[in-house]
Enquirer: 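I am attaching a structure below and will ask some questions about it afterwards.
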Amino acid sequence: MRKPDVRGFFDTVTATWTYVVYADGDEDKRCAIIDSVLDYDIHSGRTETVSAARVIDFVRKHGLEVEWILETHIHADHLTASSYIKETLGGKTAISKHILKVLETWEPIFHNEVDTPLNGQQFDYTFDDDEGFSVGSFEAKIVHTPGHTPADTTYIIGDAIFVGDAMFLPDVGTGRCDFPGGDAEDSYDSSRKLFNLPDDFRMYVGHDYPPEGTRNPQCMAKINEQKLNNVRVHEGISKDDYVSKRNKDDEGKDVPNLLLPSIQVNLRAGEFGHKTKDVQYVKFPVDKI
Ligand SMILES: [Fe+2]
């Protein structure tokens, strides 16, 4: 199997990995960008494009053509730069069709239907479960891997898989399952779907939170390493044990700093929405979260 090249960019503020998937030295310059980051200061409401600029510079330097701008899910801890990247480099924004559930969940909190359509049309494309597609000359496929959120999607591109927060590196485990629509049982089932993939497939994670003092942030582990060593879901751990520990550890967890702006902006594929005069706003609902 031909293997795509994967370049990861780590955003230290949100511990997020953004990926460019491409074929180095190939005539086919099409690439995918996965889970980009728009810098956002919660105190001032100011955005910056420092994280996105590193990705954009890389794409330009390698003469790549952006085919897809993919999201593994609606992130709750950072804003996506997908809209900014699309404006700057082109490409189609895409996410799983399960985003419709997430839109429905949040509409009664934000009442943003006027600029956040519930049919998902703000994304250029919404994938069906198990849908095949391509990135340049690489075959690709979607796998629905819910648990962290109901819309979490894994993208399989050649032998590289991008799992978002469905699973983290072996010494970190899995993503929290306490967001609306999250479900620890689904998270366990998703890990088993991923373990059905070939042992030598490369799993790229959406964040890394290295246990203190152990190592620098990393982004990839092979499927067999995850099966053997993932602290939460390695082979041999029962569903009941996983679910009770996951739920116990998620109890009382802090709301992520950027939850409110992230959800609103990410549900609009990276847009801040309608303006009042020439100003854009983020809503902070009172006593709703
Ligand atoms: Fe997430």
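Only heavy atoms go into these numbers, but all of them, side chains included; no hydrogens, no water, no symmetry mates. For ligands, and for the atoms within them, numbers begin at 1 and follow the listed sequence.
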Enquirer: Ring-plane angle category for His98 and His144, please: parallel below 30°, perpendicular beyond 60°, tilted otherwise.
Expert: parallel
Enquirer: List, one per line, each side-chain donor-acceptor pair under 3.5 Å for residues 282-289, sequence neighbours excluded.
Expert:
unit_1 : atom_1 : unit_2 : atom_2 : d
Lys283 : NZ     : Phe110 : O      : 2.7
Lys283 : NZ     : His111 : O      : 3.3
Lys283 : NZ     : Asn112 : OD1    : 3.0

Enquirer: Which residue pairs pass the ring pair (Phe, Tyr, Trp, His ring centres under 6.0 Å) test with at least one member in residues 196-236, sequence neighbours excluded?
Expert: Tyr19-Tyr204, His78-His207, Phe162-Tyr204, Phe168-Tyr209, His207-Tyr209
Enquirer: Measure distances from the Fe ion (ligand 1) and count the protein N, O or S atoms below 2.8 Å.
Expert: 3
Enquirer: Looking at Phe9, does the NZ or CZ of Arg7 lie under 6.0 angstrom from its six-membered ring centre and within 45 degrees of the ring axis?
Expert: yes
Enquirer: Taking ILVMFWY side chains as joined if any heavy atoms are under 4.5 angstrom apart, and letting links pass through other members, which residues group with Val279?
Expert: Tyr281
Enquirer: Provide the closest heavy-atom pair for Ile237 versus Val231 in the form atom of the first, atom of the second, distance.
Expert: CD1-O, 3.8 Å
